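A short write-up of the structure that comes next.
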Amino acid sequence: MIEIELDGKKVDIVEGSMIMHAAEKAGTYIPHFCYHKKLSIAASCRMCLVDVEKMPKPMPACATPVTQGMIVRTKSDKAVKAQKSVMEFLLINHPLDCPICDQGGECQLQDLAVGYGGSSSRYQEEKRVVFHKDIGPLVSMEEMSRCIHCTRCVRFGQEIAGVMELGMSHRGEHAEIETFLGQSVDSELSGNMIDICPVGALTSKPFRYNARTWELSRRKSISPHDSTGANLIVQVKNDRVMRVVPLENEAVNECWIADRDRFSYEALNSDERLTTPMLKQGGEWKSVDWKTALEYVAHGLQSVKANYGAASIGTLVSPHSTLEELYLASALVRGLGSENIDYRLRNAEFEVAQKGTRFLGMAISQLSQLQGVLVIGSNLRKDHPLFAQRIRQAVRAGCVVSAIGERESDWAMPLRHYCVVPSTGWVQSVADIAVAIALEKGISAPMSGQATDIAKELAKSLMTGERRAILLGNAAAHHPHASHLLALSNWMAAQTGAVVGYLSEAANTVGAQLVGALPGTGGLNAGQMLAGGLKAAILLNNEPEFDSAGGSGAVQSLGQCEMVVTLSPFKANMAFSDVLLPMAPFTETPGTFVNAEGRVQTFHAVAKPQGEARPAWKILRALANVLKLPGFEFNSAQEVLSHLHAENQGVVPDHAPANRLSNACTLPSVYLNSQVEPSVAGIYQLDGIVRRASSLQLTADARGIGTQEVAA
């Protein structure tokens with residue numbers, strides 16, 4: 001540590017830090033544009049010029065290293081005059097379009113121009129014009145004349161997203177940011193460029209011209225999509241979600257969110273919203289009131305139970321549902337006398353004696369500190385964009401990443417090894433690595449195999465370094481031999497000191513296990529229910545055609561049921577459902593998600609439910625009351641959560657109990673190679689909300705083009 005004097009105050013700072021870092025530590029604001037705490041230093045805008053004693057001219061705070069005894073003045077006449085001179089240059093060509101600019105009201109340039117800009121310009125020449133560019137459906141570059149060439153967007157692509165899609169061409173007044181080859185910006189993190197742009201050059205294309213920033217109320221929420229549990233600020237006008245931006249949380253998503261977290265809100269305002277209960281009568285759908293709908297459902301369930309027994313009734317729930325919804329759905333079906341409940345809609349294998357809740361095995365923040373990673377069965381960049389970003393940070397610090405997958409994908413980071421193997425060969429490939437480790441350590445391997453050259457290389461990478469992990473992706477979790485993959489991974493981890501973790505598919509995959517949304521003794525699993533094992537089915541927030549491994553076969557099986565009840569925010573499952581009950585999406589209901597690391601995060605509704613839609617926990621409670629089932633006396637989602645807290649020995653608050661989280665697994669004694677392919681959703685097909693977000697469906701990833709896959 002060294003000591004400097006900053007505006008008369010002594011500041012201790014790590015040697016090698018910049019003046020800007022010392023100012024941040026001291027709580028002193030230095031105006032800046034190009035500097036961003038998560039990006040490399042460019043020192044291109046010069047707005048952060050400060051007065052350093054014994055220096056002949058003002059120095060950029062972001063790029064000037066501190067030295068022992070340095071004296072810095074950020075508000076001296078010399079510093080302020082330099083900052084005002086830079087602002088004058090920045091405004092020479094800047095268009096005077098604040099009244100129509102989407103960034104107006106939250107523009108860094110606008111804010112600093114008030115303090116450092118002049119009341120008039122000495123330059124009377126015609127301002128330059130930069131023609132707009134079309135870079136895709138998400139980010140707008142319609143007003144590039146506003147660009148001040150801070151290069152934040154360029155550095156973000158290169159350093160955070162891993163793909164340098166934007167760059168600066170030419171010099172001087174001819175300089176401009178562009179994609180060079182007229183391509184679109186296809187990164188799954190591209191929306192973050194909007195947030196870090198300090199002017200109105202990059203704006204949100206879906207939000208453009210829809211509202212003024214000061215008209216919006218800002219409310220905290222949690223993403224309902226992948227298992228990161230990204231913290232969000234949802235911006236609302238007249239009970240309509242207008243925009244979603246990140247809420248900074250260093251432990252979870254830092255200051256970034258994925259594009260599906262940012263732009264999926266479009267689905268919430270789509271024409272496909274279900275806003276009233278509906279019954280199918282004579283093959284036609286008719287809107288009814290809630291009393292009629294609930295009585296119809298209750299009568300139907302009681303009739304099926306009387307005719308076929310309670311075991312003919314089952315519930316299929318989505319792991320994108322809240323803890324409260326999952327618990328009440330489980331309690332409802334068990335109250336009817338059935339144990340048929342499952343969230344594992346895409347699984348091909350259903351572990352019978354699962355001990356513990358499958359989870360990431362470490363804190364999300366630790367992903368960026370790993371020194372070695374083996375990823376099995378995941379297109380990491382597309383399945384978990386924010387986890388990939390964390391591991392990309394680790395790679396920049398020297399982490400070695402290897403992968404086993406069906407086809408080689410562009411992860412936007414260097415991989416040491418990519419073992420391309422059909423999914424039917426994954427177990428054997430992992431067994432080969434285990435054999436290589438066993439030979440190296442002189443012990444017996446858990447399963448027969450060959451220590452091939454690639455297996456030896458992968459084994460070596462797992463035994464090198466201190467912080468190593470074996471991460472199982474969505475395809476590994478849904479694999480017909482998922483338990484073999486997990487057990488072999490656990491054996492390798494025990495021999496190498498690595499950590500084993502599931503990346504986890506959905507926002508509440510971990511939560512669904514914690515609240516017991518799994519079949520009990522004698523109960524049918526999701527595969528059996530979707531194969532025709534039911535006479536009555538309750539579908540909570542899912543569409544089996546798209547959300548299950550059964551696909552069209554599941555639709556045919558459910559079509560044979562005497563009653564199918566769908567709870568959804570959208571007009572879903574209409575081909576085979578008998579009743580549609582409009583449930584509120586995550587923005588219109590309070591609830592709780594448990595992310596991949598076991599972090600419990602509760603959120604509140606940010607808008608009123610549309611039409612007659614109601615939070616699913618209320619619907620399930622009301623249905624249980626009509627069925628006269630005991631134990632549903634809850635008046636709020638918070639009461640359900642409190643009940644869960646008492647019943648599940650500390651599921652909430654903050655973090656799931658460590659004794660409930662475990663990836664322990666016994667290696668099955670029999671291995672019969674299955675030819676079933678694991679079911680994995682595409683990046684913009686993950687859930688019903690994402691599938692209905694119009695702008696996301698126009699992206700290269702959604703249309704299946706671009707650079708997301710390269711030949712093996």
Side-chain angles (χ1 to χ4, degrees), residues 30-36 39-50 57-63 79-104 106-136 139-159 164-185 190 193-203 205 208:
I30 298 175
H32 61 273
F33 292 113
C34 69
Y35 171 78
H36 189 282
L39 303 176
S40 61
I41 292 169
S44 59
C45 76
R46 320 305 281 186
M47 190 65 207
C48 63
L49 293 175
V50 293
K57 59 181 181 179
M59 302 298 292
C62 68
V80 173
K81 184 178 179 181
Q83 292 161 358
K84 287 187 174 182
S85 296
V86 171
M87 178 60 72
E88 185 176 18
F89 276 114
L90 289 174
L91 295 177
I92 288 173
N93 278 305
H94 201 81
L96 299 173
D97 60 353
C98 288
I100 63 162
C101 178
D102 259 12
Q103 199 87 344
E106 52 187 12
C107 172
Q108 208 171 330
L109 180 67
Q110 192 179 51
D111 293 341
L112 292 181
V114 173
Y116 300 91
S119 57
S120 62
S121 175
R122 289 184 283 172
Y123 296 88
Q124 302 303 317
E125 290 80 6
E126 188 174 335
K127 291 179 183 287
R128 78 169 190 158
V129 174
V130 180
F131 290 107
H132 71 272
K133 301 164 182 68
D134 186 359
I135 59 169
V139 181
S140 172
M141 292 181 78
E142 290 289 320
E143 307 292 347
M144 290 307 292
S145 296
R146 300 170 184 159
C147 179
I148 61 170
H149 308 140
C150 69
T151 69
R152 278 186 178 184
C153 56
V154 177
R155 285 174 286 143
F156 170 82
Q158 197 171 14
E159 299 165 15
M164 187 177 172
E165 295 178 295
L166 293 178
M168 189 164 70
S169 63
H170 312 301
R171 300 189 70 180
E173 70 168 11
H174 301 292
E176 56 181 284
I177 301 293
E178 56 181 327
T179 56
F180 294 103
L181 299 177
Q183 296 176 337
S184 56
V185 170
S190 65
M193 294 179 182
I194 299 166
D195 295 332
I196 63 175
C197 180
V199 296
L202 301 179
T203 54
K205 192 170 280 189
R208 189 172 165 82

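The structure displayed is predicted, hence computed values, not measured ones.
- Tested against M193 for a side-chain contact (heavy atoms from CB on, under 4.5 Å), the candidates I135, V154, L166 yield a single pass: L166.
- Distance NE2/H174 to OG/S169: 11.0 Å, rounded to 0.5 Å.
- Rounded to the nearest 0.5 Å, atoms SG (C153) and CE (M164) are 9.5 Å apart.
- Counting all heavy atoms, side chain and backbone alike, A82 lies closest to P58 at CB-CG, 3.7 Å.
- Legend: residues meeting salt bridge (Lys or Arg N to Asp or Glu O under 4.0 Å) with D195, ordered by chain and number and at least two apart, are R262.
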Residue pair L109, M87: steps toward the side chain to side chain contact (heavy atoms under 4.5 Å, CB included) verdict
CA-CA 9 Å; L109 180 67; M87 178 60 72; 3.9 Å; yes
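- Applying the side chain to side chain donor-acceptor pair (under 3.5 Å) definition to pairs two or more places apart or across chains, those involving residues 111-123 are E88-R122.
- Under the salt bridge (Lys or Arg N to Asp or Glu O under 4.0 Å) criterion, D134 pairs with K205, not counting sequence neighbours.
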Identify every side-chain donor-acceptor pair in residues 143-150 under 3.5 Å, counting partners at least two apart or on other chains, and give the distances.
residue: E143; atom: OE2; partner: R208; partner atom: NH2; Å: 3.4
residue: S145; atom: OG; partner: V130; partner atom: N; Å: 3.0
residue: R146; atom: NE; partner: D97; partner atom: OD2; Å: 2.9
residue: R146; atom: NH1; partner: G200; partner atom: O; Å: 2.8
residue: R146; atom: NH2; partner: D97; partner atom: OD2; Å: 2.9
residue: H149; atom: NE2; partner: R128; partner atom: NH2; Å: 3.0
residue: H149; atom: NE2; partner: A175; partner atom: O; Å: 3.0

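- Applying the salt bridge (Lys or Arg N to Asp or Glu O under 4.0 Å) test to every pair with at least one member in residues 168-182, sequence neighbours left out, gives these pairs: K133-E176.
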Let me see the working for Q103 and V199 under side chain to side chain contact (heavy atoms under 4.5 Å, CB included), right down to the final yes or no.
CA-CA 7 Å; Q103 199 87 344; V199 296; 5.9 Å; no
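- Shown here are the side chain to side chain donor-acceptor pair (under 3.5 Å) partners of T179, two or more places apart in sequence or in another chain: there are none.
- Residues passing the side chain to side chain contact (heavy atoms under 4.5 Å, CB included) test with E159, sequence neighbours excluded: L39, S40, R155, R396.
- The ring pair (Phe, Tyr, Trp, His ring centres under 6.0 Å) check on F33 picks up nothing, with sequence neighbours excluded.
- Judged purely by atom type and a 3.5 angstrom limit, Q108 uses its side chain to pair as donor or acceptor with the backbone of H32.
- For V80, the side chain to side chain contact (heavy atoms under 4.5 Å, CB included) partners are Q83, K84, not counting sequence neighbours.
- Atom SG in C197 sits 9.0 Å away from atom CE in M141 (nearest 0.5 Å).
- Scanning all heavy atoms of the two residues, the minimum distance from L49 to P60 falls at CD2-N, 3.6 Å.
- With sequence neighbours left out, I194 forms a side chain to side chain contact (heavy atoms under 4.5 Å, CB included) with V139, S204, F263.
- The side-chain heavy atoms of F89 and I92, taken from C-beta on, include a pair separated by under 4.5 Å.
- Taking the side chain to side chain donor-acceptor pair (under 3.5 Å) definition, one finds that S190 meets it with D259, sequence neighbours left out.
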